[in-house]
Amino acid sequence: MRSLFAWARWALWCCSCWLLLACERTAAPASPPSKPPTLRFYAISSLAGALEPCGCVKDMLGGVDHAAAFLQGQTSDAPNSVVVAAGPLLFMDPALDAEGGTQHLFKAHALAESLRDMGLVAWAPGANDWAAGLPKLRELRDKSGAALLAANLSKPADLSQSTRLVEVGGLKVGLSGVVQLEGLAETEQSDAVASLKNAKQRLDEQGARIRVALLAMPRGQALRALESVPGFQLALVGKAKDMGEANDAPIPPVVVNGTLVVQAPNHLQAIGVIDFFVRGDSYEFQDGSGIAEAERRASLEERISDLKRRLSVWERQGPAVSAGDLAARRRDLKKLEAELARLAQPSVPEKGSFFRYRLQEVREKLGSEGRVRGRLDGYYRRVNEHNREAFKDRRPEPVAANQSGFVGVEQCTACHAEERAFWDRTGHAKAYATLAKAHKQFNLECVSCHVTGYEKPGGSTVTHVAELTSVQCEVCHGPGSRHSKAPSDPALIVKNPPKSLCAPECHHPPHVKSDWNVDRAWKGILGPGHGG
């Protein structure tokens, strides 16, 4: 089962690799006006249980503590703000597996409480939010402090509401949401378009000056709904459901029937920042961000990013690439960057109200908000203590006859002392210690890539790691019990493991950045006895 899961993740990575290349680009934001916006929205799409990123490199995209720090640091720039979300919020998948269900529920509680600290006002739920059942969803909704908006959800009647009106900076802001939920027997849904139209009418009657639609449904259906229901100044789209840990690429904003439609990438890789500047008494907003040029900017960013990666490779190849070719490609890069710079400076309309949009990547450099960081640490400790007890009796399967079991690096050292000395200096040798230091060594989402022989016959389990902590020789060379007894038999050990071994198991997006390369990483694990 473990092997099938690993190869499924590998296939998912292959299919989404081109999307991930775009995920870590930062669009050059328009220069902001000197005055604070009349109202700012922070938009989160399909967070889907992503507390923080897991990876082997620094400054990965995501992290609720970094997002909270960003929001906290923006209060002087935008004193009047609203945080909204659409799509799955609390769980990574629509169903909880029996093994990790408790851990995922602990995480959902930490997320809900952190979103309360971040000021979440409302969200339109996705199917994942029902993963722990209706009573738990009610509990988590209350912990978040946010309204669950689903105008077309008629059952259960006590879970959601059609609209929410909030007053921010003296301005009445109306929020509504619609959802598409499939396969949930405990829900009843009416037509999304009709429900959205009724919700908009209700917001008008309540005196809302700015109206926001939150849509948890496939993007095409969301856009068609907005074409049928004009009158919202802003719409946030999220998925109807999300599955797995794969990260999506950013989607450029569009204007549909006078409505600015935004969709942030999933897993809190980035937050949409939408500023509304009201001039006079006009609540029809012009584009101050150059949305019409967004597709062109995205294309240029991708070409620039790709060319930079290629130049980095060519420069390392030295004499193998001619100086003339390198100079020509550098000139190409400058031309592309100059064209992007021209596009990235949209002008503010001279008259009338207008909006500005940008996508803020969530990274470590934003800092860490203390309350949320403390809650994350508490979550990891709670999971550690629970799993230590829950999996204390779980042991690896026995080794079949005529097969090898895992023996650990100490036995390998008897014949491979030089290789061991090199390994001791690598990051692989410290892989388990990094988990233990962060109270994650029994975390089901982490442990498998930080031990040797996980869930394999004669190997390790969540708590039974014994001599198999960290990423040892046998991860690459296979179990060595028979090899240690008959070292001259080449059939009993994998002498030259393929480089691709790392990718499907652990070193695949989103655990590494999209430009991670096994060839570059290879020198960090090769040493004496390995041809390095």
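Since the model is a prediction, treat every value here as computed from it, not as a measurement. Keep in mind that the numbers below use all heavy atoms, side chains included, and drop hydrogens, waters and symmetry copies.
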Query raised in the report: Hey, mind stepping through Asn152 and Ser195 against side-chain hydrogen bond (donor to acceptor under 3.5 Å, both in side chains) and telling me if it holds?
Result: CA-CA 5 Å; Asn152 62 324; Ser195 298; 5.4 Å; no
Report task. Answer yes if the side chains of Gln74 and Gln72 hold a donor-acceptor pair under 3.5 Å, and no otherwise. Result -> no
Query raised in the report: If only atom types and distance count, is the side chain of Gln269 paired as donor or acceptor with the main-chain N or O of Asn266 below 3.5 Å?
Result: yes
Query raised in the report: How about Phe277 and Phe355: are their ring centroids closer than 6.0 Å?
Result: no
Report summary line: When every non-hydrogen atom of Met118 is compared with those of Ala68, the smallest separation belongs to CG-CB, 3.7 Å
Query raised in the report: Is Glu284 atom CD crowded by more than 12 heavy atoms from other residues, nucleotides or ligands, each under 6.0 Å away?
Result: no
Query raised in the report: Counting only heavy atoms not in Lys241, do more than 12 fall under 6.0 Å of its NZ?
Result: no
Report task. Would you tell me whether Glu385 and Tyr380 have side-chain atoms, one donor and one acceptor, within less than 3.5 Å of each other? Result -> no
Query - Trace of the side chain to side chain contact (heavy atoms under 4.5 Å, CB included) decision for Glu445 with Lys107 - result: CA-CA 11 Å; Glu445 295 181 340; Lys107 184 195 288 188; 2.9 Å; yes
Query raised in the report: Between the side chain of Gln180 and the main-chain N/O of Ala216, is any donor-acceptor distance below 3.5 Å?
Result: no
Query - Stepwise side chain to side chain contact (heavy atoms under 4.5 Å, CB included) test for Trp130 and Thr187 - result: CA-CA 10 Å; Trp130 272 258; Thr187 65; 3.8 Å; yes
Query raised in the report: Between Ala108 and Leu90, what is the shortest heavy-atom contact and its length?
Result: CB-O, 3.7 Å
Query raised in the report: Would you call Arg211 and Gln233 a side-chain contact if the rule is heavy atoms closer than 4.5 Å?
Result: yes
Query raised in the report: Considering only heavy atoms from C-beta outward, does the side chain of Arg209 approach that of Asp281 to under 4.5 Å?
Result: yes
Report task. Measure the distance from the SG of Cys506 to the SG of Cys449 and say whether it is below 2.5 Å. Result -> yes
**Report entry** Distance-minimising heavy-atom pair for Pro125 and Val179
**Finding:** O-CG1, 3.3 Å
Report task. Evaluate the side-chain proximity of Leu234 to Ile274: yes if any heavy-atom separation is below 4.5 Å, no if none is. Result -> yes
Query - Leu223 side chain reached by Val254 side chain, heavy atoms, under 4.5 Å - result: yes
Report task. Take Arg224 and Glu227 through the test salt bridge (Lys or Arg N to Asp or Glu O under 4.0 Å) and record every step on the way to the result. Result -> CA-CA 5 Å; Arg224 288 192 291 274; Glu227 287 175 348; over 6 Å; no
Query raised in the report: Checking salt bridge (Lys or Arg N to Asp or Glu O under 4.0 Å) for the pair Arg373/Asp377: CA distance, chi angles, key distance, verdict?
Result: CA-CA 6 Å; Arg373 183 68 253 175; Asp377 293 340; 3.1 Å; yes
Query raised in the report: Would you call Pro253 and Leu260 a side-chain contact if the rule is heavy atoms closer than 4.5 Å?
Result: yes
Query raised in the report: Do the side-chain N and O atoms of Asn247 and His267 include a donor-acceptor pair separated by under 3.5 angstrom?
Result: yes
Query raised in the report: Are Arg382 and Phe106 in a cation-pi contact, defined as NZ or CZ under 6.0 Å from the six-membered ring centre and within 45° of the axis?
Result: yes
Query raised in the report: Does a side chain donor of either Ser353 or Arg279 reach within less than 3.5 Å of an acceptor in the other side chain?
Result: no
Query raised in the report: Does Arg371 offer a backbone N or O that forms a donor-acceptor pair with the side chain of Glu369 under 3.5 Å?
Result: yes
Query raised in the report: Between Gln221 and Arg219, is any side-chain donor less than 3.5 angstrom from a side-chain acceptor?
Result: no
Query - Distance-minimising heavy-atom pair for Met92 and Asn128 - result: O-ND2, 2.9 Å
Query - Ser114 backbone acceptor or donor facing Asp65 side chain under 3.5 Å - result: no
**Report entry** Evaluation steps, side chain to side chain contact (heavy atoms under 4.5 Å, CB included), between Val362 and Phe70
**Finding:** CA-CA 8 Å; Val362 177; Phe70 166 70; over 6 Å; no
Report task. Would you name the heavy atoms of Trp123 and Leu137 that are closest together and state the gap between them? Result -> CZ2-CD1, 4.4 Å
**Report entry** Shortest non-hydrogen contact between Ala43 and Leu236, atoms and distance
**Finding:** CB-CD1, 3.6 Å
Query raised in the report: Taking Asp142 for the side chain and Glu139 for the main chain, is one N or O donor matched with an acceptor at less than 3.5 Å?
Result: no
Query raised in the report: Just by distance, with hydrogens left out, do Ser154 and Ser190 show a side-chain donor and acceptor under 3.5 Å apart?
Result: no
Report task. Check step by step if side chain to side chain contact (heavy atoms under 4.5 Å, CB included) holds for Phe442 and Val447. Result -> CA-CA 6 Å; Phe442 305 129; Val447 63; over 6 Å; no
Report task. Walk me through it: do Phe276 and Phe285 pass the test ring-ring contact (aromatic ring centres under 6.0 Å, His included)? Result -> CA-CA 8 Å; Phe276 286 103; Phe285 295 91; 4.6 Å; yes
Requested in this report: Could you tell me whether a side-chain N or O of Ser46 sits under 3.5 Å from a main-chain N or O of Ala48, the two making a donor and an acceptor?
Outcome: no
Query raised in the report: Which residue pairs pass the salt bridge (Lys or Arg N to Asp or Glu O under 4.0 Å) test when at least one of the two sits in residues 144-166, sequence neighbours left out?
Result: Arg138-Asp158
Query raised in the report: Between Lys239 and Asp242, is there a side-chain N and carboxylate O pair less than 4.0 Å apart?
Result: yes
Report task. Verify the distance criterion only: is there a donor paired with an acceptor across the side chains of Arg40 and Tyr42 at less than 3.5 Å? Result -> yes
Query raised in the report: Taking side chain as C-beta onward, heavy atoms only, is Val121 less than 4.5 Å from Val166?
Result: yes
Requested in this report: Check Glu302, Arg309, Lys308 against Ser305 for a side chain to side chain donor-acceptor pair (under 3.5 Å) and give me the one that passes.
Outcome: Arg309
Query raised in the report: Does the Gln189 side chain pair with the main chain of Val178, one donor and one acceptor, at a distance under 3.5 Å?
Result: no
